[in-house]
Amino acid sequence: MTQLKCADYGFECDFVTSAESGSVAVQFSEHSEHVHRIEYPIEVIDQIIYRKS
C-alpha cells in the first residue's frame, strides 16, 4: 500500500492519502494544488512514491 502525508513534506497539514493503486498520486496532486496552491505533476509524485519503496 502506498501512503503520502503532507506533514512528511514540510506542511502543517493532516492530509493523508493511501491506496493500492495509482490514485494516491492523483489525490496528493489535487490536494496540493487546491489547498497549498502548489502544482506537483503526477510524474514527480510517482518519483516520490518510487523512492519511498
To the nearest 0.5 Å, tell me how far Ile49 CD1 sits from Leu4 CG.
5.0 Å

All side chain to side chain donor-acceptor pair (under 3.5 Å) counterparts of Ser29, not counting sequence neighbours:
none

Could you measure the distance from the OG atom of Ser18 to the NZ atom of Lys5? Nearest 0.5 Å is fine.
9.5 Å

Supply the atom-to-atom distance Ile48 CD1 to Thr2 OG1, rounded to the nearest 0.5 angstrom.
12.5 Å

Might you work through the side chain to side chain contact (heavy atoms under 4.5 Å, CB included) test for Gln3 and Val16, ending with a clear yes or no?
CA-CA 7 Å; Gln3 183 180 67; Val16 177; 3.5 Å; yes

Taking all heavy atoms of Lys52 and all of Tyr9, pick out the closest pair and write down the distance.
CD-OH, 3.6 Å

Other ILVMFWY residues reachable from Ile42 by side-chain steps of under 4.5 Å:
Val26

Any side-chain heavy-atom pair of Phe15 and Ser32 under 4.5 Å
no

Heavy-atom closest pair (Ala25 atom, Asp46 atom, distance to 0.1 Å) is CB-OD1, 3.6 Å

Which residue pairs satisfy the side-chain hydrogen bond (donor to acceptor under 3.5 Å, both in side chains) criterion with at least one member in residues 35-45, sequence neighbours excluded?
His31-His36

